[in-house]
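Read through the structure below, which is laid out as structure tokens, and then see the notes.
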Amino acid sequence: MSQTPPPPWAGQPPAGPPLTDAETRQWAGLAHLGGILWIVPGLIIWLLFRARSGFVDQEGKKAVNFQITLLIGWVIVWIADAIFLPWFLANLLQLALWIFSLVFSIQGYLAVQRGQAYRYPFSLELIK
């Protein structure tokens, strides 16, 4: 007696129907804009909607990679502050990192709302 192997989709929840164009722009834009609040909003949006839209997958990865890059910069500043950097310079650098996040997250949101892909001026590509 032979057993039939389970179908490849067994045990996986359905991703849901593909997103409409308006929904695609909305979620891709919010993935970028979520960077204002740090990495968590962009990561959640990318994980939830990447299977439903290739554009959201692409833009969500860019947003998360940019936030990881800023997180690495923030950790470097924090370590330098603990070892040798004066506190006011460390605070100034952390403020600069947040302003970078604010400006480039808004630019990413606006580009995606126009239907264009956005490329951050600097970002490590840790998630491919």
Side-chain angles (χ1 to χ4, degrees):
M1 179 175 200
S2 66
Q3 292 183 337
T4 306
W9 61 85
Q12 297 179 359
L19 298 177
T20 65
D21 187 50
E23 290 171 332
T24 296
R25 289 182 186 194
Q26 172 191 344
W27 289 115
L30 289 175
H32 283 291
L33 196 60
I36 293 172
L37 301 174
W38 203 45
I39 193 172
V40 175
L43 181 62
I44 290 172
I45 290 169
W46 176 65
L47 289 174
L48 288 177
F49 295 104
R50 66 182 175 176
R52 295 177 62 188
S53 167
F55 190 66
V56 173
D57 181 32
Q58 169 190 310
E59 296 303 311
K61 272 192 274 192
K62 290 178 184 177
V64 171
N65 279 328
F66 181 65
Q67 292 303 317
I68 291 172
T69 303
L70 291 179
L71 176 65
I72 291 170
W74 187 85
V75 169
I76 290 170
V77 170
W78 183 76
I79 291 171
D81 181 34
I83 296 173
F84 65 94
L85 206 59
W87 69 268
F88 64 91
L89 190 54
N91 288 339
L92 189 64
L93 288 173
Q94 289 174 349
L95 178 65
L97 287 173
W98 185 78
I99 290 172
F100 283 143
S101 177
L102 179 71
V103 169
F104 295 125
S105 294
I106 291 172
Q107 285 182 348
Y109 172 79
L110 293 174
V112 166
Q113 290 303 305
R114 290 188 303 265
Q116 302 169 338
Y118 182 70
R119 182 176 172 87
Y120 288 96
F122 58 93
S123 178
L124 300 173
E125 290 191 31
L126 300 171
I127 300 172
K128 298 188 183 218

Pairs of donor and acceptor atoms involving the side chains of residues 68-81, under 3.5 Å and at least two apart or interchain, shall be tabulated with distances.
{"unit_1": "T69", "atom_1": "OG1", "unit_2": "N65", "atom_2": "O", "d": "2.8"}
{"unit_1": "T69", "atom_1": "OG1", "unit_2": "L124", "atom_2": "N", "d": "2.8"}

(message) Going by ring-ring contact (aromatic ring centres under 6.0 Å, His included), name the residues that satisfy it together with Y109, two or more places apart in sequence or in a different chain.
(response) none
(request) Consider only side-chain heavy atoms of I, L, V, M, F, W and Y, link residues closer than 4.5 Å, and tell whether V112 and I39 are in one cluster. (result) no
(request) Any ring-ring contact (aromatic ring centres under 6.0 Å, His included) involving residues 22-45? Give me the pairs, sequence neighbours left out, ordered by first then second residue. (result) W27-F49, H32-Y118, H32-Y120
(request) Mind checking the CG-CG spacing from L89 to L93? Nearest 0.5 Å is all I need. (result) 4.5 Å
(message) The criterion is side-chain contact (heavy atoms from CB on, under 4.5 Å); which residues satisfy it with P17, sequence neighbours excluded?
(response) R52
(message) I'd like to check the salt bridge (Lys or Arg N to Asp or Glu O under 4.0 Å) partners of R50; sequence neighbours left out, ordered by chain and number.
(response) none
(request) Starting at CH2 of W87, measure out to CG of L92 and round the result to the nearest 0.5 Å. (result) 10.5 Å
(request) Enumerate the residue pairs fulfilling salt bridge (charged side-chain N to carboxylate O under 4.0 Å, His left out) with a member in residues 21-31, sequence neighbours excluded, ordered by first and then second residue. (result) D21-R25
(request) Can you sort out the partners of L43 under side-chain contact (heavy atoms from CB on, under 4.5 Å), two or more places apart, ordered by chain and number? (result) W46, L47, V64
(message) Applying side chain to side chain donor-acceptor pair (under 3.5 Å), can you list everything that pairs with Q116, at least two apart in sequence or on another chain?
(response) R114
(message) Taking CD in E125 as the centre, count heavy atoms belonging to other residues, nucleotides or ligands within less than 6.0 Å. Is the count above 12?
(response) no
Let me have the donor-acceptor pairs involving side chains of residues 94-102, under 3.5 Å, with sequence neighbours excluded, atom names and distances please.
{"unit_1": "S101", "atom_1": "OG", "unit_2": "G35", "atom_2": "O", "d": "2.9"}
{"unit_1": "S101", "atom_1": "OG", "unit_2": "Q67", "atom_2": "NE2", "d": "3.4"}

(message) The criterion is side-chain contact (heavy atoms from CB on, under 4.5 Å); which residues satisfy it with A117, sequence neighbours excluded?
(response) F55, Q58, E59, K62
(message) Tell me the closest heavy-atom pair linking A63 and A31, and the distance in Å.
(response) CB-O, 3.5 Å
(message) Using every non-hydrogen atom in the two residues, find where S105 and I36 come nearest and quote the distance to one decimal.
(response) OG-N, 3.9 Å
